[in-house]
Structures are given as structure tokens and as C-alpha cells.
Amino acid sequence: DLLSEADWKVVSTGVSAGTGKFAARWEATGSSYTVDTALTAETFAGELSESSIWIDFCSVPQLADIDFGLGERSEREACDLREQQARGIQSIPYYVHRANYFWILAPTAVHSETGELRDFSTWRSRGWCRLEEWANLLSTSHKMPLVVTDRERVNTVGTMDFLIAHASHPETAAIHGEF
């Protein structure tokens, strides 16, 4: 099947079924879909408290977390952190597969060290971020990414949107990203 049931609902009705517990609560009613339990702030909080969430930056150890001004101790910590980071990177497909949600946090901001503008487009230009998106797409339990930027509304990226955007653009492959 080219589309999961949740993606088919998005493509055919414009409604996202989600991938957490609420995905199983969708019922077909004629040509539209409804949720049998209202999604309130309280029910969503309950859902999140029992879920695993993939969030790019905090899901893999970052070398930026080391204070390199501490001499030999910081070198040991950096070596340990590099090993942890390598294991984390090798585990990205597993972590993404096991998560209930896939969130992309990419507000518009100025990088504190380089002064460069960062946003969702620069997030998508990074190799590891591209790998995470593909790992999610290729997972047998892929989730519709929730994209949080500085806009008033949260966006999603459906499977078809992702595939159409990347199908004829090999330059957007993970290997061609910035590492």
C-alpha cells in the first residue's frame, strides 16, 4: 500500500488521524471521519504523558553541551559525548520508530555563535535532520511530523507532500545535506 490509513484520511478528507492512541479511535461515518473522544487540552496532556516524543535537538547528545574550557576533564567528557552521540545517531531509526510523535521544533532564530538566521528551511538543509525525516517516513510506524515554528499555527507534513517535494530532487537526499 502506498498510503497508510492515516495518510489516506488526510489525502481523501483533509483530516489527520494522528498516530497516538487517538488514531485507533477514528471511525468512518459516511465520507468523513470523526473522533469518538474529544481532543481537549486535558486528554492531549494525558496522551503525551504516556507517549515517547522524538524532538531532534534533544533526542541525540550534542557536543555543544560540553564546556571545552575545563582542560583534560572536558576532553574526556567530549570523547565520551562523541561516543554517545555516535550511538545516538546510529539509533535514530530505532528511536524514531519507537516514538509516538515526531516533532520538528524550528522557530525563526539567529544562531548565537554564527549570527546566521535559522528556520524550518535551514532545519531541512541539515543532513541529520533529513535522515530523521526519511527514517520516520520509512518506518513501519511512521508519524505525520508536527512542525512547530514561530507561526501562530502548528503545521504538519503529510507523506504525499514529503514524497512529492523530494521525488525528483535527489539534491534533497540526506547525504547531500549539511553535516
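Remark: side-chain polar atoms of H111 are paired, donor with acceptor, to backbone N or O of T114 under 3.5 angstrom. At least one donor-acceptor pair under 3.5 Å links the side chain of S141 to the backbone N or O of H97. Looking at T149, its side chain does come within 3.5 Å of a backbone N or O of R151 through a donor-acceptor pair. Side-chain N or O atoms of D119 include one that pairs as donor or acceptor with a backbone N or O of T122 at under 3.5 Å. Side-chain N or O atoms of R124 include none that pairs as donor or acceptor with a backbone N or O of R130 at under 3.5 Å. Within the 3.5 Å criterion, the main-chain N or O of K143 finds a donor-acceptor partner in the side chain of N136.
Expressed to the nearest 0.5 Å, how far OG of S139 lies from CH2 of W134 amounts to 14.0 Å. Annotation: the span from Q84 atom CD to C79 atom SG amounts to 10.5 Å, rounded to 0.5 Å. Taking CG of L131 as the reference point, atom CD1 of I89 lies at 9.0 Å (rounded to 0.5 Å). Summarising the geometry, atom OG1 belonging to T156 is positioned 7.5 Å from atom CG belonging to L146; distances are rounded to the nearest 0.5 Å. Here the straight-line distance linking atom OH of Y101 with atom CD1 of I55 works out to 12.5 Å at 0.5 Å rounding.
Counting only heavy atoms from C-beta outward, the side chains of L105 and W123 never approach each other to under 4.5 Å. Between L137 and L163 the shortest side-chain heavy-atom distance falls below 4.5 Å.
When hydrophobic clusters are built by joining Ile, Leu, Val, Met, Phe, Trp and Tyr residues whose side-chain heavy atoms come closer than 4.5 Å, directly or via intermediates, W128 is grouped together with L138. Residue I92 is grouped with residue F179 when hydrophobic side chains (ILVMFWY) are merged at heavy-atom distances under 4.5 angstrom, including chains of intermediate members.
Annotation for E171: atom CD counts as buried by contact number, over 12 foreign heavy atoms lying within 6.0 Å.
Between F102 and W54, the ring-plane angle classifies as parallel under the 30° and 60° cut-offs.
Across M144 and V157, no two heavy atoms sit closer than the pair CG-O, 3.6 Å. Looking at every heavy atom in both residues, P93 comes nearest to A135 through CA-CB, 4.1 Å.
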